[in-house]
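Okay, so here's the structure we're looking at.
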Amino acid sequence: MLNALWSGMILSGILWAAAHGRLDQVTQGALASAKEAVSLCITMLGVMSLWTGILEIGRGAGLIERLSRTMRPVLRFLFPHLSPDSEAARQISINFIANILGLGWAATPAGLKAMEELQKDNPDKNTATNEMCSFLILNISSLQLIPINIIAYRSQYGSVNPSKILIPGLIATLGSTIVAVIYIKWKDRKR
């Protein structure tokens, strides 16, 4: 459906430009956008490589394991039916740590592994468990102390102070995470 929607919008834009004699502007815009997209991808690749490397160094140094152990009380509160020593809890911790650092691309593999581990303990393979739903909601709310992606985008597009987004980003993601936790606990009580 989404492919049809985007294709329709692109086609209608090209037809409108052709009808009004502006195909040259469409071509110039497409080329300029392609150049900008490549430049943005290179910038994001560099940022991603740096922070993913730092995360791997932290994992190799045992920092991630220590942070995971520190998060056990939080995980017990958020996932009361999940063993804090399970592989799922460890992967959830890694996912949360990466998200807090603003490393969504590094959080994704841990999130997928966490869901796989949670699915192993799922008695009904066709229905998500409370832990799976809770994890998904918290992952979407994504508390971030350092929104690396947004800072990189702002820097790429010439912001005078790209890191000025830190406080508003923290407030927004803290608010969404608080709402997510309240919702999860409210739904757990109803069950």
Side-chain angles (χ1 to χ4, degrees), residues 1-2 5-6 40-41 43-45 47-48 50-52 54-55 58-59 63-84 86-119 121-122 127-157 159-191:
M1 176 65 187
L2 198 54
L5 179 67
W6 280 108
L40 180 62
C41 285
T43 299
M44 294 308 293
L45 180 64
V47 171
M48 179 182 75
L50 171 71
W51 285 97
T52 303
I54 289 172
L55 189 64
R59 183 178 289 162
L63 181 62
I64 301 299
E65 288 300 321
R66 278 184 261 155
L67 287 172
S68 294
R69 281 194 300 271
T70 304
M71 289 185 65
R72 282 185 180 172
V74 174
L75 290 181
R76 268 192 290 265
F77 172 72
L78 295 173
F79 306 98
H81 304 294
L82 182 66
S83 168
S86 68
E87 181 63 18
R90 190 174 91 70
Q91 293 298 330
I92 289 171
S93 294
I94 292 169
N95 177 274
F96 284 177
I97 291 165
N99 271 330
I100 287 170
L101 294 175
L103 307 173
W105 51 83
T108 300
L112 292 173
K113 287 178 187 174
M115 280 297 197
E116 286 175 8
E117 292 297 322
L118 290 170
Q119 181 67 2
D121 297 333
N122 187 355
T127 304
T129 63
N130 288 352
E131 285 76 21
M132 293 170 95
C133 293
S134 297
F135 175 62
L136 184 61
I137 291 167
L138 288 167
N139 196 30
I140 291 169
S141 74
S142 184
L143 174 64
Q144 291 186 6
L145 296 178
I146 308 167
I148 300 297
N149 285 346
I150 302 302
I151 292 171
Y153 289 136
R154 288 172 52 91
S155 177
Q156 176 72 20
Y157 290 111
S159 174
V160 176
N161 189 355
S163 62
K164 197 167 188 159
I165 193 72
L166 283 174
I167 299 301
L170 178 61
I171 291 168
T173 59
L174 182 63
S176 67
T177 302
I178 289 170
V179 169
V181 170
I182 290 169
Y183 178 76
I184 289 167
K185 290 303 176 182
W186 176 66
K187 290 303 268 184
D188 278 347
R189 285 183 188 237
K190 286 183 77 172
R191 292 188 185 114

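Here the structure is a predicted model, which is why all the values come from computation and not from measurement.
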Salt bridge (Lys or Arg N to Asp or Glu O under 4.0 Å) partners for Glu116, two or more places apart:
none

In Å, rounded to the nearest 0.5 Å, how long is the span from CE of Met132 to CG of Asp121?
10.0 Å

Nearest 0.5 Å, please: how far is CG in Leu82 from CD in Glu117?
10.0 Å

Check: Asn161/Ser163 side-chain N/O donor and acceptor closer than 3.5 Å
yes

Residue set satisfying side chain to side chain donor-acceptor pair (under 3.5 Å) with Tyr183, at least two apart, ordered chain then number -> none

State, with a plain yes or no, whether a side-chain heavy atom of Leu136 is found less than 4.5 Å away from one of Met115.
yes

Side chains of Thr43 and Tyr153: does their closest heavy-atom pair fall under 4.5 Å?
no

More than 12 heavy atoms from other groups under 6.0 Å of CD1 on Ile167
no

Just wondering, do Pro80 and Lys185 contact through their side chains at under 4.5 Å, heavy atoms?
yes

Side chains of Gln91 and Glu87, heavy atoms from C-beta outward: is any pair under 4.5 Å?
yes

Between Arg90 and Glu65, does the salt bridge (charged side-chain N to carboxylate O under 4.0 Å, His left out) criterion hold? Intermediate values first, please.
CA-CA 8 Å; Arg90 190 174 91 70; Glu65 288 300 321; 2.9 Å; yes

Mind checking the CG-CG spacing from Leu75 to Leu138? Nearest 0.5 Å is all I need.
9.5 Å

Nearest heavy-atom pair of Ala128 and Cys133: which atoms, and what distance?
CB-SG, 3.8 Å

Between Thr177 and Ser142, is there a side-chain heavy-atom distance shorter than 4.5 Å?
no

Side chains of Ile151 and Arg154: closer than 4.5 Å at any heavy-atom pair?
no

In Å, rounded to the nearest 0.5 Å, how long is the span from CG of Asn99 to CD1 of Ile140?
11.0 Å

pair Phe135-Asn95: side-chain heavy atoms closer than 4.5 Å
yes

What's the spacing between Ile137 CD1 and Lys187 NZ if we round to 0.5 Å?
9.0 Å

Is the shortest heavy-atom distance from the side chain of Phe96 to the side chain of Leu78 under 4.5 Å?
yes

Between the CG atom in Leu170 and the CD atom in Gln144, the distance rounded to the nearest 0.5 Å is 10.0 Å

